[in-house]
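Notes follow the structure.
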Amino acid sequence: MNIILLGPPGAGKGTQAKILVDGRGMVQLSTGDMLRAARSSGTEMGKRVAAVMDRGELVTDEIVIGLIEEQLTGNTGGSGFIFDGFPRTLAQADALDKLLSKVGQKLDAVIEMRVDDSALVRRITGRFTCSNCGEGYHEDVKKPAKEGVCDACGQSGTFNKRADDNEEALKTRLLAYYKDTSPLIGYYYAKGKLNTIDGLASINEVTASIKGVLDAVSEGIAVEA
Ligand code: AMP
């Protein structure tokens with residue numbers, strides 16, 4: 001099953017994608033993660049996008065579509081792809097349709113994680129990750145059990161915050177979401193693919209809502225077949 005997690009920055013897309021990877025063997029395709037990897041390995045493209053990302057603006061469609069194409073053609077997808085942070089524009093959504101059909105796949109569901117803007121600032125500014133293994137934490141809801149030590153890998157003193165997780169960049173990121181990405185809600189509704197869940201609930205409750213959507217969609221597929 002191939003799905004898109006759609007929602008503003010801080011909606012919890014990355015957190016839920018990782019839960020789906022661990023629990024269902026799906027493959028997470030996060031264009032944000034791919035771009036950050038390109039930056040930290042110092043590729044030409046990584047250098048070109050760094051300032052754009054730090055301001056919270058979108059990088060060009062051409063770059064992210066190229067990244068997704070590379071992954072789709074070189075990856076069997078486990079039990080399905082989770083598109084996290086892609087598509088973010090209508091042009092990207094069109095390109096995704098074409099790329100999926102080129103590799104003999106299709107999109108099964110879009111899950112819109114709806115959250116209140118006022119919750120996003122704290123969600124974004126409080127988050128940090130282990131720079132060794134990438135485990136995500138939050139100052140309010142998910143602190144390491146032992147201060148300064150990663151629960152997942154046991155390394156100490158190696159946490160960092162994303163450069164764009166500050167209030168200024170968040171304003172730009174939210175603006176980009178409402179201007180360029182939120183039209184995708186109507187687009188996927190019209191295609192009969194949209195499922196909306198409450199992204200403000202606890203991590204476990206959101207995981208349960210996503211499971212509900214995936215179960216319903218796979219039952220639908222079984223009935224059709
Ligand atoms: P994310 O980790 O998904 O929040 O993405 C971080 C940043 O990477 C965004 O603010 C954009 O600058 C860039 N980015 C990630 N995915 C896309 C995309 N699909 N289209 C354009 N820019 C993207």
Side-chain angles (χ1 to χ4, degrees), residues 2-21 27-72 81-100 107 110-113 115 117 119-131 134-138 160-185 187-188 199:
N2 301 312
I3 65 168
I4 294 173
L5 295 181
L6 187 65
K13 302 183 295 292
T15 302
Q16 294 298 330
K18 292 207 165 54
I19 292 171
L20 290 168
V21 168
V27 172
Q28 177 189 13
L29 296 183
S30 157
T31 39
D33 285 351
M34 294 173 208
L35 292 166
R36 280 185 288 279
R39 282 182 71 165
S40 55
S41 59
T43 65
E44 264 320 300
M45 183 272 278
K47 284 181 203 154
R48 263 197 345 259
V49 297
V52 176
M53 290 176 75
D54 287 349
R55 286 196 300 272
E57 293 165 6
L58 296 185
V59 311
T60 63
D61 288 336
E62 193 192 350
I63 288 178
V64 288
I65 291 167
L67 287 170
I68 289 288
E69 179 166 23
E70 228 174 86
Q71 294 294 321
L72 282 182
F81 291 109
I82 308 158
F83 297 96
D84 160 13
F86 181 93
R88 262 173 156 100
T89 64
L90 287 166
Q92 292 177 23
D94 269 344
L96 178 61
D97 255 3
K98 293 196 181 96
L99 288 174
L100 281 172
L107 182 66
V110 176
I111 302 179
E112 182 208 355
M113 301 172 68
V115 287
D117 275 6
L120 294 177
V121 177
R122 187 60 199 144
R123 278 195 173 196
I124 289 279
T125 55
R127 68 184 185 181
F128 57 99
T129 53
C130 170
S131 43
E135 181 73 5
Y137 293 94
H138 193 281
N160 61 15
K161 273 182 176 284
R162 279 172 47 169
D164 58 348
D165 274 353
N166 60 72
E167 281 197 50
E168 203 42 47
L170 177 61
K171 274 189 210 148
T172 312
R173 289 159 73 192
L174 275 178
L175 214 68
Y177 180 75
Y178 289 115
K179 181 168 161 278
D180 298 312
T181 310
S182 67
L184 297 183
I185 297 168
Y187 174 85
Y188 285 120

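Ligands are counted one by one from 1 in listed order, and the atoms in each one are counted from 1 as well. All residue numbers in this chain count up from 1 along the given sequence.
No option in T181, D180, L175 other than T181 meets the side chain to side chain contact (heavy atoms under 4.5 Å, CB included) test with Y177. Each of Q28, K18, K13 was evaluated against D84; a single residue qualifies, Q28, per the side-chain hydrogen bond (donor to acceptor under 3.5 Å, both in side chains) test.
The shortest contact between atom 7 (C) of ligand 1 and any protein heavy atom is with M53 CE, 3.9 Å. Closest to atom 11 (C) of ligand 1 among all protein heavy atoms lies E57 O, 3.4 Å. Looking only at heavy atoms of the protein, atom 13 (C) of ligand 1 is closest to L35 CD1, 3.5 Å. Regarding atom 16 (N) of ligand 1, its nearest protein heavy-atom neighbour is T31 OG1, 2.8 Å. Annotation: atom 22 (N) of ligand 1 to nearest protein heavy atom, V59 N, 3.1 Å. Looking only at heavy atoms of the protein, atom 18 (C) of ligand 1 is closest to R88 CD, 3.3 Å.
Near R162, with a cut-off below 4.0 Å to any heavy atom, the atoms of ligand 1 are 1 (P), 2 (O), 4 (O), 6 (C). Counting the atoms of ligand 1 from 1 in the order shown, those under 4.0 Å from a heavy atom of G85 are 16 (N), 17 (C), 18 (C), 19 (N). The atoms of ligand 1 that sit less than 4.0 Å from any heavy atom of R36 are 2 (O), 6 (C). Ligand 1 places these atoms under 4.0 Å from at least one heavy atom of R173: 4 (O).
For M113 against A11, the heavy-atom pair with the smallest separation is CE-O, 3.4 Å. For the residue pair N160 and S131, the shortest heavy atom distance occurs at ND2-CB, 3.5 Å.
M45 contributes atom CE, which lies 5.5 Å from atom CG of L35 (distance to the nearest 0.5 angstrom). Atom CZ of R123 and atom CG of D117 lie 12.0 Å apart (nearest 0.5 Å).
For the ligand labelled ligand 1, residue R55 lies outside the 4.0 Å heavy-atom shell.
Checking only distances, S30 never comes within under 3.5 Å of ligand 1, N or O to N or O. For a threshold of 3.5 Å applied to N or O pairs, the pair formed by Q92 and ligand 1 contains at least one separation below that value.
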T89 and D61: CA distance, side-chain angles, deciding distance, side-chain hydrogen bond (donor to acceptor under 3.5 Å, both in side chains) verdict
CA-CA 8 Å; T89 64; D61 288 336; 3.0 Å; yes
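At a heavy-atom cutoff of 4.0 Å, ligand 1 is contacted by both the backbone and the side chain of L58.
A salt bridge links D54 with R39: at least one charged nitrogen is closer than 4.0 Å to a carboxylate oxygen.
Under the 4.5 Å side-chain criterion, counting only non-hydrogen atoms from C-beta, V21 is not in contact with V27.
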